[in-house]
Amino acid sequence: MTSAPAPAPVRALDADTVDELTRAARKILDEFGGSATRPELLERVAETAADLSETIRHQCRPVDTADGLFVLRGLPLDDAAIGSTPLSWATAGDSAAVWDVLLLLLATVMGNPIAWPGQQDGRFVHNIVPSPGHEQEQTGASSAVLLSPHTEDAFHPGRAHLLMLGCMRNHDRIATTAASIRKAHLADEDVALLSRPELPILPDDAYAEAQGFDGLPPKVPTLWESEDGLTLRFDPAYTPLGDATPEHRAAYGRLQDELTRVSVAVSLEPGDVLVVDNDLVVHGRVPFQARYDGTDRWLKRASVRVPDRGTRPAAEANEHGYGQAAIQAYA
């Protein structure tokens, strides 16, 4: 996908807000011995988030432009203090753990953080780093290939409404690509065709157990009209387009072309938190050459469901989710 550099909508955090958030995160992390993975920590995060200021709540308000995303900017990050970029999520441990708590606080203000039992040991905050041996995959551990634009966890009806990416390190200014369906121009005929449930979306390579599920893959729509406009569910790398009719494939191709046309490249700065509406925006990443020397790009990712949000087709409630079920932080 060719993406034009473009400024994302920025919500700048003032000094008082930054101080409030960082103090709260450090206090919680200290209480739990420097580890952000203990289950009891979530209760403390919820209690703390409930008392955060209205200024923070305003900055965490829903996406309110056709861009379908925004960047929270202003949180401090010390490149030396966070240590080297891990070689994989499995070796990250509690690296930069205060940022796990920061993301959980922000995610809790926005909705309900979720995790997946089969992904990164069920953690609510993931470390996204290039990993040796995974360079060519269509997962966050890749580097040498274009990470194709997609909806996060598109195969699953319990996927996040919001995706949060906190930038720990990005010396090479590697861009996250993003394209909003609300900026695309599609013919009514194509919208109608792509709103029919003709093809499934299969589990991606991060979900090995789901890929072995025996159930029949459910056919799902690519587009639909939600309560506030056109919405999408999109992952061409895991959609068997060869099984579609020629008309459907052609319409899908025109959608891909249009998303390419409106795609932008967002180069995150350390301390930025990118918030993406997962019902409006497909995201990806440009290829890069990983060095594996401790200075590579490093993001932290959190996924959020928004209770009672009416953006999904009712038929999704009948999907089996390939045997996977998201863990909600606050059931």
Side-chain angles (χ1 to χ4, degrees), residues 37 39 86-92 100 103 107 111-165 176-177 197 199-222 232-243 276-279 281-285 299-305 312-313 315-329 331:
T37 60
L87 285 177
S88 76
W89 71 265
T91 63
D100 293 49
L103 284 183
N112 194 347
I114 62 172
W116 300 92
Q119 197 173 40
Q120 298 207 11
D121 284 344
R123 295 187 180 194
F124 284 89
V125 178
H126 295 169
N127 286 282
I128 307 301
V129 295
S131 299
H134 298 270
E135 290 85 353
Q136 302 292 326
E137 295 179 354
Q138 283 295 308
T139 69
S142 70
S143 53
V145 295
L146 174 76
L147 185 60
S148 299
H150 62 285
T151 300
E152 189 74 5
D153 297 326
F155 76 96
H156 202 282
R159 63 195 179 280
H161 293 107
L162 302 174
L163 176 70
M164 302 175 62
L165 297 174
T176 299
T177 61
L199 293 170
I201 300 176
L202 305 176
D204 64 51
D205 290 339
Y207 294 91
E209 186 175 342
Q211 289 180 333
F213 186 72
D214 288 336
L216 187 68
K219 295 179 179 180
V220 300
T222 301
L232 86 168
R233 183 178 182 180
F234 184 84
D235 195 347
Y238 294 94
T239 299
L241 291 168
D243 296 341
V276 175
D277 189 314
N278 199 41
D279 286 334
V281 172
V282 295
H283 70 282
R285 188 217 62 241
L299 304 180
K300 285 184 179 282
R301 178 178 68 198
S303 297
V304 185
R305 284 187 58 84
R312 305 276 168 82
E316 289 194 7
N318 299 320
E319 294 180 26
H320 52 56
Y322 298 88
Q324 305 299 296
I327 305 166
Q328 299 189 63

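- Residues Gln211 and Asp204 share a closest heavy-atom pair of NE2-O, 3.2 Å.
- Minimum interatomic distance between Leu87 and Val129 (heavy atoms only, all atoms of both residues): C-CG2, 4.2 Å.
- In terms of modelled atom types and a separation under 3.5 Å, the side chain of Asp121 and the main chain of Arg123 share no donor-acceptor contact.
- Counting only distance, with no hydrogens or angles, the side chain of His150 and the backbone of His283 share a donor-acceptor pair below 3.5 Å.
- When all heavy atoms of Pro113 and Phe124 are compared, the closest pair comes out as O-CE2, 3.6 Å.
- Between the side chain of Asn278 and the backbone N or O of Ala160 there is at least one donor-acceptor pair closer than 3.5 Å.
- Between Thr139 and Ala206 the shortest heavy-atom distance is CG2-N, 4.1 Å.
- For Ser303 (side chain) and Ile114 (main-chain N/O), no donor-acceptor pair under 3.5 Å exists by modelled atom type.
- Residue Glu209 qualifies as open at atom CD: its count of foreign heavy atoms under 6.0 Å is 12 or below.
- Here side chain to side chain donor-acceptor pair (under 3.5 Å) pairs that include residues 318-327, with residues two or more places apart or in two chains, are Arg233-Glu319.
- Leu232 places a side-chain heavy atom less than 4.5 Å from the side chain of Val282.
- Tyr238 is linked by a ring pair (Phe, Tyr, Trp, His ring centres under 6.0 Å) to nothing, counting only residues two or more places apart in sequence or in another chain.
- Taking every heavy atom of both residues into account, Asn127 and Ala92 meet most closely at ND2-CB, 3.4 Å.
- Proximity of Phe234 to Thr151: side-chain heavy atoms (C-beta onward) are separated by under 4.5 Å at one or more points.
- With hydrogens and angles ignored, the 3.5 Å screen pairs no side-chain donor or acceptor of Asp235 with any backbone N or O of Glu152.
- Without hydrogens or angle criteria, Gln138 side chain to Ser148 main chain gives a donor-acceptor distance under 3.5 Å.
- Looking at Arg305, its side chain does come within 3.5 Å of a backbone N or O of Arg159 through a donor-acceptor pair.
- Put simply, the side chain of Gln120 reaches to within 4.5 Å of the side chain of Ile128, judged on heavy atoms.
- Ala326 and Gly158 get closest at one heavy-atom pair: CB-O, 4.3 Å.
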